[in-house]
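Atoms within a ligand are numbered from 1 in the order they appear, just like the ligands themselves.
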Amino acid sequence: MTDPAAAPASAVAPASASASAVLRPAWVEVDLAAIRANAALLARLVAPAALCAVVKADAYGHGAPRVAEAALEGGAQLLAVALVDEGLALRRAGVRAPVLLLSEPTPAAMLEAVAHDLTPTIYRLEGVAAARRAAAARTASGPVPVELKLDSGMHRVGADPDAILDVAAAIDAAPELELVGLWTHLAVADEPADDFTAAQLRALERCRADLAAKGIVAPVVHAANSAGAIAHRAARLDRVRCGIALYGHAPSPALDGWVERDPAGGGPLAPALSWKAEVHLVRRLAAGERTSYGRTYGLERDGDVAVVPLGYHDGVPRRYATSGGEVLVHGRRRRIAGTVTMDQIIVDLGDGDGDGDGGEGGGDGGDGGGSGVRPGDEVVLIGRQGGEEITVEEWAARLGTVSYEVLCGIGPRVPRRYVDGGRPEGNAAPGR
Ligand SMILES: *Cc1c(COP(=O)(O)O)cnc(C)c1O
């Protein structure tokens with residue numbers, strides 16, 4: 001057996017890369033220093049409210065355990081996930097911080113949630129009953145902390161305003177449970193001019209007052225997602241739940257630059273994720289040749305194309321190419337040449353004129369052609385290369401979607417590598 005620590009570091013794969021990153025040269029790079037800095041910036045912005053780092057969906061594709069750790073180091077006081085399984089994965093990874101579940105677990109999942117110290121959100125009487133059973137079954141002593149969720153107008157999950165008092169009273173009457181939070185979720189906080197946010201906040205305040213009148217006090221009240229935290233001071237309350245901003249992205253184009261302009265923020269959010277691969281092979285094609293399934297893309301002149309080992313299973317949608325999608329090679333934007341396939345894309349490198357790296361006719365007989373691009377050269381799908389950058393927001397605009405969906409769309413078989421302030425660090429973990 002070879003000692004992996006003694007293996008020579010390749011030019012592109014740090015010795016710390018996971019095995020799969022070495023075997024398949026395509027990876028997501030996450031800068032933990034950016035996560036830490038974004039957490040610190042958001043914590044400063046919303047103080048004295050506490051920052052909850054939302055790390056559901058494998059931390060929006062960034063890898064939940066490492067992001068959770070970095071966010072806590074940066075100043076987040078707790079974590080939130082959508083699913084019990086996601087909370088269990090954090091516990092298995094050794095994360096000890098409080099973890100809030102954003103939806104009410106099913107009765108079966110409630111047992112697992114409580115046994116592993118995840119804080120359930122509750123909004124139905126069945127949820128209260130399940131939490132009581134789970135509390136009785138667990139070995140740890142003391143009441144189980146739970147949070148209560150109000151539906152203030154988003155109409156996804158949460159108790160109706162006229163049903164929530166019964167749920168609160170049932171929690172209050174259960175000695176095994178302790179109400180530690182009351183919260184709601186904002187539907188249009190990323191549209192700062194919409195007054196529905198203020199209406200939702202009034203509904204939450206009314207609910208808090210109604211509970212107080214019955215002697216039921218939730219010590220922590222919260223409403224804001226990233227957009228609420230950034231654009232609505234009144235929504236910050238005792239805690240904010242930030243996902244997208246933690247990863248360095250504005251919740252919507254309308255909120256671009258808001259954190260930077262807020263004197264309490266004192267800086268821009270830093271995108272933490274880049275997406276890269278190595279060129280698998282370069283081939284020279286004659287003018288008129290057509291590429292990939294459907295032969296939809298034709299070369300107008302003789303030129304090189306590169307095959308890049310990422311496809312739609314990995315999160316490059318077919319419509320990214322049809323919308324004119326580009327990648328960076330040798331610091332220049334290059335079109336995706338034709339249909340995105342499941343595992344690979346083809347990239348049009350042109351014929352090398354004017355790109356300053358291949359030269360007219362140079363290198364024609366070698367691995368590459370006039371483009372000067374060689375197998376193993378770095379391709380950037382998202383991130384910087386030389387003076388160029390392709391952002392998550394550019395992808396979202398091309399695809400007619402939001403940055404969230406682009407990030408979450410990067411597939412689980414793409415390994416996640418971690419860097420710290422741009423430098424590789426010692427123990428990169430593979431993606432799930
Ligand atoms: C996903 C989610 C968040 C985080 O939203 P961002 O816009 O990414 O900050 C907050 N709260 C709830 C209930 C969520 O589902």
Among all protein non-hydrogen atoms, which one is nearest to [atom], and what is the separation to 0.1 Å?
atom: atom 8 (O) of ligand 1; answer: Tyr60 OH, 2.5 Å
atom: atom 14 (C) of ligand 1; answer: Lys56 NZ, 2.9 Å
atom: atom 12 (C) of ligand 1; answer: His185 CE1, 3.3 Å

Report yes if [X] has an N/O atom closer than 3.5 Å to an N/O atom of ligand 1; otherwise report no.
X: Ser226; result: yes
X: Ile244; result: yes
X: Arg241; result: yes
X: Ala245; result: no

| message | So, taking the atom named CD in Glu394 and the one named OH in Tyr320, what distance separates them when rounded to the nearest 0.5 Å? | response |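 Here the interatomic distance stands at 5.0 Å.
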| Inter-residue atom distance Leu32.CG - Glu69.CD, 0.5 Å rounding |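 One gets 7.5 Å once the value is rounded to the nearest 0.5 Å.
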| Glu29 pairs by side chain to side chain donor-acceptor pair (under 3.5 Å) with which of Lys276, Arg417, Arg416? |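 By the side chain to side chain donor-acceptor pair (under 3.5 Å) criterion, Glu29 pairs with just one of Lys276, Arg417, Arg416: Lys276.
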| task | Take every heavy atom of Arg156, measure it against each atom of ligand 1, and state whether any distance is under 4.0 Å. | result |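 In this structure, Arg156 qualifies as a contact of ligand 1 - some heavy atom is under 4.0 Å.
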| Does Cys242 reach ligand 1, in the sense of a heavy atom lying below 4.0 Å from it? |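 True for this residue.
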| request: Flag yes if more than 12 heavy atoms outside Arg295 fall under 6.0 Å of its CZ atom; otherwise flag no. | output: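 Incorrect, the count does not exceed 12.
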| query | Can a salt bridge be assigned to the pair Arg202 and Asp195 using a cut-off of 4.0 Å between side-chain N and carboxylate O? | reply |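 Result for this pair is no, no salt bridge flagged.
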| Proximity of Tyr247 to ligand 1 by residue part, where a heavy atom lies under 4.0 Å |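 It is neither; nothing of Tyr247 touches ligand 1.
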| Which word best sums up how the rings of Tyr404 and Tyr60 line up, parallel for under 30°, tilted for 30 to 60°, or perpendicular for over 60°? |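 Taking Tyr60 first and then Tyr404, their aromatic rings sit tilted (interplane angle of 30° to 60°).
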